[in-house]
Number of protein chains: 2
Amino acid sequence: MADGSRRGRPGYDQQTVLRRAVDLFNRQGYDGTSMGDLARELGVGKSAIYHHVPGKEALLARALDEALDGLSAVLDAPAGDTAYDRLRAAVRDSVRVLVEQLPAVTLLLRVRGNSEVELAALRRRREIDDRLAELVSAAVAEGSLRGDLPPDLVSRLLFGMVNSLVEWYRPGGPVDAEVLAAAITALAFDGLGAIRSQ
Amino acid sequence: MADGSRRGRPGYDQQTVLRRAVDLFNRQGYDGTSMGDLARELGVGKSAIYHHVPGKEALLARALDEALDGLSAVLDAPAGDTAYDRLRAAVRDSVRVLVEQLPAVTLLLRVRGNSEVELAALRRRREIDDRLAELVSAAVAEGSLRGDLPPDLVSRLLFGMVNSLVEWYRPGGPVDAEVLAAAITALAFDGLGAIRSQ
DNA sequence: GTCTATAGACCGATAGAC
DNA sequence: GTCTATCGGTCTATAGAC
């Protein structure tokens with residue numbers, strides 16, 4: 001489908017099946033979506049799906065890995081000399097990943113550990129959260145962030161704000177991704193008080 | 001159970017069934033929890049549950065109403081002369097409600113509109129969100145909040161941060177509820193930059 | 001006897017898998 | 001399309017406290 005020069009009977013490819021599945025999972029919930037729903041959405045019989053993927057859980061696993069790979073990349077790229085600069089970049093890049101991989105990340109953020117696949121995703125996500133928390137700690141130690149609040153609490157709230165955008169952000173909507181990244185960074189680092197001399 | 005002076009065979013009361021059900025829904029997801037699961041959790045047969053509640057969806061509806069009533073109350077209580085004061089109070093009181101009614105609010109924030117019950121809850125929730133957004137707008141118009149960001153965007157991010165605490169906050173844990181409310185307010189209004197003269 | 005809460009067989013519908 | 005398992009929910013009968 002994506003590749004026009006394929007041989008054999010035309011039909012869906014794995015990527016398209018995955019994308020449509022993730023959209024459905026996000027609309028109805030993973031547990032609330034049956035393979036029959038997905039088949040109807042694709043306009044094929046249920047059995048056709050099993051030609052592309054081993055099963056329902058594999059669709060979930062692939063989407064979660066995609067999201068986790070994107071978020072991990074944010075931390076692997078070197079991004080500044082000071083911890084403050086690296087944290088700012090991490091916030092900005094996290095927003096970008098959330099926007100670019102919105103469906104997969106949305107699915108990831110709703111996972112509660114209900115199966116081995118979900119538990120594995122939660123473990124990977126926890127690693128990422130821990131590294132972000134370390135970044136906040138380092139920035140506090142450096143003296144560039146307020147030190148009157150527990151760093152891990154700050155980290156949870158900061159990235160809780162970032163992650164919350166999957167609840168409402170829609171690409172092509174009124175808010176541009178770069179505007180969004182700038183707004184979140186401004187709000188997080190400077191607060192929402194009236195602009196003072198700084 | 002709660003009332004020691006009841007007649008008839010001892011057993012669960014509605015409130016306890018509801019509480020345990022909501023806990024299970026939050027652990028496994030609403031769709032991922034069967035009435036059989038709940039029965040096993042309670043140590044009774046499935047049919048016993050139907051003596052206390054009309055059905056699975058009624059458990060959801062009652063929990064969502066509970067959460068929505070708590071959140072609505074935050075906005076109905078008069079809380080300050082300026083919009084800024086009212087917004088600050090709304091943030092602080094929202095945190096308190098989230099903490100006090102954590103299970104019900106957690107369930108509410110995960111609802112996606114998958115049934116009429118869920119859609120009704122989303123409508124009520126949207127009303128609340130709209131009123132919070134108006135509060136932010138009023139504070140901006142008043143000049144006490146930064147005006148360089150769209151007020152509805154600010155509102156979404158601010159309460160996205162507040163709401164995100166259901167993802168990790170646990171009563172009895174290391175973070176006290178009042179400390180949490182103070183931290184969120186401080187972070188939101190003053191930002192996470194190193195403390196300057198203010 | 002009266003009341004509440006329970007057990008467990010059972011129903012039609014639908015799930016995931018193939 | 002077909003399989004088996006499980007879903008939410010119903011039914012009748014009964015256990016147990018007054």
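Chain letters run A, B, ... following the sequence lines, proteins first and then strands; every chain starts at 1.
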With a 4.0 Å cut-off, would you call B/Asp31 and B/Arg112 a salt bridge?
no
Rounded to whole angstroms, how far apart are NE2 on A/His52 and P on C/dC18?
17 Å
Take the protein atom NE2 of A/His51 and the nucleotide atom C1' of C/dG16, then report the distance between them rounded to whole Å.
19 Å
Look only at the side chain of A/Arg20 and the backbone of A/Glu41, and say whether a donor-acceptor pair between them is shorter than 3.5 Å.
yes
Within residues 27-45 of chain A, which residues have any heavy atom lying less than 4.0 Å from an atom of DNA chain C?
A/Thr33, A/Ser34, A/Met35
Between B/Asp152 and B/Ser155, is there a side-chain donor-acceptor contact under 3.5 Å, judged purely by atom types and distance?
no
Show the distances under 3.5 angstrom between N or O atoms of the protein and N or O atoms of nucleotides 10-15 of chain D.
from   : atom 1 : to     : atom 2 : distance (Å)
D/dA15 : N3     : B/Arg9 : NH1    : 3.3

Using atom CZ of B/Arg7 as one end and atom P of C/dC3 as the other, report the distance to the nearest whole Å.
6 Å
Would a distance-only check, ignoring hydrogens and angles, find a side-chain to backbone donor-acceptor pair under 3.5 Å from A/Asp93 to A/Val74?
no
Cationic tip of B/Lys56 above B/Tyr50 ring, under 6.0 Å, 45° of axis:
no
Give every donor-acceptor pair under 3.5 Å between a side-chain atom in residues 80-87 of chain B and any protein atom, sequence neighbours left out.
from    : atom 1 : to      : atom 2 : distance (Å)
B/Thr82 : OG1    : B/Asp85 : N      : 3.0
B/Thr82 : OG1    : B/Asp85 : OD2    : 3.2
B/Tyr84 : OH     : B/Arg88 : NH1    : 2.8
B/Arg86 : NH1    : B/Gly80 : O      : 3.2
B/Arg86 : NH1    : B/Asp81 : O      : 3.0

Calculate the interatomic distance between B/Ile49 atom CD1 and C/dG8 atom C1'; express it in whole Å.
13 Å
Nearest heavy-atom pair of B/Met35 and B/Gly55: which atoms, and what distance?
CE-C, 4.2 Å
Return the value, rounded to whole Å, for the distance between atom CD of A/Glu57 and atom P of C/dG16.
12 Å
Compare every heavy atom of A/Ala63 with every heavy atom of A/Val22, then report the nearest pair and how far apart it is.
CG2-CB, 3.5 Å
